[in-house]
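Step one of this worksheet: look at the structure below.
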Amino acid sequence: MKVMKLFIVESPVKAKTIRKFLGKEFIVKATAGHIRDLPSKELGIEEESLKAKYVYVKGKKKLVEDLKKLAKKCKEVYIGTDPDREGETIAFFVREEIRKVNPNIKRAIFFEITPKAIKESIRKAGDINMNLVYAQFARRILDRLIGYKVSPHLWRTFRSFRLSAGRVQSPALRLIVEREMEIREFKPKTYYYVKAVFNIGENKLEAVYDYRYENPSDAQIILEKIKKGIFRVSEIDVKKEAISPPKPFITSSLQAEANSLLGFSPEKTQSIAQRLYEEGFITYPRTDSYRMNEEKAKEFIEYIRKNYGGKYAGKIRQFKDAKLSQGAHECIRPVSLYVYPEEKEQKLLYDLILKRTLASLMSACEVERIKVYIEVLSPYLKESITMVAKMVRVLFKGWTLIYPYDIEENYVGNIKEGDILKAEDIFIDKKRTQPPPRYTEGSLVKTLEKLGIGRPSTYAMLTGLLKKRGYVRLNKRSLVPSDVAFEVIDYLKENFHTLMEYSFTADMERKLDEIEEGKRNWKEVVKEIKNKVLPYD
DNA sequence: CAGTGAGCGAGCTTCCGCTTGACTT
């Protein structure tokens with residue numbers, strides 16, 4: 001009589017946790033990602049029929065054999081891989097293997113790893129959703145067709161192996177190259193303007209006459225006239241502004257913030273985050289969902305109330321996910337407020353995650369933006385001139401109490417309409433217009449995420465790939481494209497312009513959605529997109 | 001007889017996304 005039950009998940013860390021929740025009759029195992037995939041050394045797709053050849057992923061053959069042996073001994077098998085397109089496909093391939101030895105297989109779905117959610121997933125376990133699997137087939141096969149059919153064009157054209165093109169890497173490279181072109185074409189302009197420093201009691205207030213002169217001599221003429229004037233406050237404009245707290249971290253924003261605040265590369269951030277996750281300090285680090293467990297959010301808000309005061313505690317709220325989010329996991333947040341990592345870099349990253357999580361649940365920062373218009377009264381001036389001073393006053397810090405946010409407070413005191421100001425100094429200042437900045441690894445990831453290009457599990461690997469191909473190098477923290485990159489992008493734009501549209505992934509994603517909803521046949525979608533991207537094939 | 005060149009075939013490169021631990025540098 002068989003009594004044992006088998007529960008299969010993707011991540012070994014999750015398996016360990018779930019093992020604790022389920023009783024002794026459960027064996028919990030992990031697939032560690034995909035078990036079957038297209039072969040890497042050949043296309044693996046029969047193009048007319050779109051029949052694909054799937055082989056075992058390296059090292060997974062033995063794992064599958066082990067799972068089968070266990071399944072044979074068990075009464076029931078539950079497949080609890082992630083609740084998204086990739087997870088459903090892993091479940092599909094696992095079922096294909098296991099049903100040869102045990103047909104009693106069910107698909108269990110859960111969105112958080114709590115005893116309650118896991119047990120419920122078992123009670124409600126059902127069938128595999130083939131529409132999700134079909135959407136994954138379409139995604140996988142299109143990526144393969146694009147990558148393996150476009151890349152050889154580059155080898156031939158540039159007589160250089162190892163060059164590559166792909167749905168993600170090529171638009172990403174285009175961003176970097178086009179930014180570089182903007183920088184090269186940028187002609188800096190120097191301009192001159194009149195600046196004054198006024199004494200307000202003990203403090204100083206800077207005001208400018210915002211007319212940009214190309215010639216310092218023109219500025220000099222107006223400066224002399226202004227110097228002889230008197231300065232009267234003609235209008236004060238006060239605007240209150242609430243600066244909302246940031247959303248909690250997801251993979252892309254964590255990589256971007258750790259890059260700019262801690263100087264960590266996305267790769268480094270991911271590997272530290274993975275350790276924090278495995279050691280139980282944070283939630284799953286590869287996610288595109290802002291969802292936060294409600295119990296935890298309440299606990300965090302209570303913590304804010306106790307430690308910073310009730311005024312700083314925000315409301316419990318859920319942030320909306322991006323349209324393309326697959327929503328399988330929570331945001332990246334501490335698991336508990338009462339454990340802390342020891343290791344130095346883990347501590348730095350954990351601290352950032354902790355602060356960001358708390359900040360996301362705090363009250364808004366309130367500021368006053370005050371514009372002071374100062375009329376220059378001078379008989380030497382034909383037309384009246386108005387100088388402007390901008391003041392910022394922080395009324396309430398809110399979430400900026402604990403999370404870094406650039407805000408320069410320069411409130412110098414009360415100023416009233418009609419006040420006559422005393423100028424301490426009036427002079428000509430100059431500024432140069434600045435070219436746009438190069439992408440950093442962090443800002444690139446953020447831009448890609450906005451465009452819906454790439455996924456949390458691959459962001460960190462992207463610049464590594466572009467470097468390996470000789471497309472970019474890292475200077476300080478900026479991404480600099482090579483000459484080859486310019487030529488390749490030119491060529492791809494000329495010959496594969498559909499692929500090079502920044503909206504390509506989002507357009508494709510909409511069609512994959514239709515497959516998921518059962519509205520379209522996956523093979524039709526693949527053929528349609530393939531014909532657009534590879535028209536001469 | 002040494003050097004040249006045409007012709008042929010073998011071997012190799014490439015994608016994106018899911019997940020670790022077992023490798024080497």
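Proteins come first, then strands; the chains are lettered A, B, ... in the order of their sequence lines, and each starts at number 1.
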Neighbours of DNA chain B within [range], by heavy-atom distance under 4.0 Å:
range	answer
residues 498-506 of chain A	none
residues 132-152 of chain A	R139(A), R140(A), D143(A), R144(A), G147(A), Y148(A), S151(A), P152(A)
residues 153-167 of chain A	W155(A), F161(A), R162(A), L163(A), S164(A), A165(A), G166(A), R167(A)

Residues [X] and [Y] bridged, charged N to O under 4.0 Å:
X	Y	value
E86(A)	R139(A)	yes
K75(A)	E25(A)	no
E501(A)	K493(A)	no
E257(A)	R356(A)	yes
K530(A)	E47(A)	yes
R275(A)	E279(A)	yes

Side chain to side chain contact (heavy atoms under 4.5 Å, CB included) against K296(A), all qualifying residues, sequence neighbours excluded: N293(A), E299(A), F300(A), R333(A)

Cation-pi geometry met for K247(A) and Y290(A) (6.0 Å, 45°): yes

What is the ring orientation for [X] with [Y], classed by angle as parallel under 30°, tilted 30 to 60°, or perpendicular over 60°?
X	Y	value
Y78(A)	F26(A)	tilted
W522(A)	Y134(A)	parallel
Y340(A)	Y350(A)	perpendicular
F161(A)	W155(A)	perpendicular

What is the distance, to the nearest angstrom, from the [atom1] atom on [X] to the [atom2] atom on [N]?
X	N	atom1	atom2	value
L43(A)	dC12(B)	CG	C1'	16 Å
L465(A)	dT13(B)	CG	P	15 Å
M508(A)	dC16(B)	CE	P	10 Å
L451(A)	dC16(B)	CG	C1'	17 Å
L534(A)	dC15(B)	CG	C1'	12 Å
L492(A)	dT14(B)	CG	C1'	13 Å
E86(A)	dC16(B)	CD	P	13 Å
I529(A)	dC15(B)	CD1	C1'	15 Å

M4(A) side chain near E76(A) side chain, heavy-atom distance below 4.5 Å: no

Within-4.5 Å side-chain heavy-atom neighbours: Q169(A) and T458(A): no

Sugar-phosphate, base or nothing in reach of S40(A), heavy atoms under 4.0 Å: base

Sugar-phosphate, base or nothing in reach of G454(A), heavy atoms under 4.0 Å: sugar-phosphate

Phosphate OP1/OP2 of dC15(B) contacted by R469(A) side-chain N/O (<4.0 Å): yes

Phosphate OP1/OP2 of dC16(B): any T458(A) side-chain N/O under 4.0 Å: no

Base-pair map of DNA chain B as dot-bracket, where | denotes pairing with a different strand and pairs are Watson-Crick or G-U under 3.5 Å: .........................

Side-chain donor or acceptor of T17(A) paired with backbone N/O of V13(A) under 3.5 Å: yes

Protein proximity profile, nucleotides 20-25 of chain B - base contact B, sugar-phosphate-only contact S, no contact -, cut-off 4.0 Å on heavy atoms: S-----

5' priority, DNA chain B, between I90(A) and K41(A) [closest heavy atom]: K41(A)

Pair K532(A)-D507(A), salt bridge (charged side-chain N to carboxylate O under 4.0 Å, His left out): steps then yes or no: CA-CA 12 Å; K532(A) 259 192 219 153; D507(A) 295 342; over 6 Å; no

Minimum heavy-atom distance I105(A)-I79(A), with the two atoms named: CG2-CD1, 3.6 Å

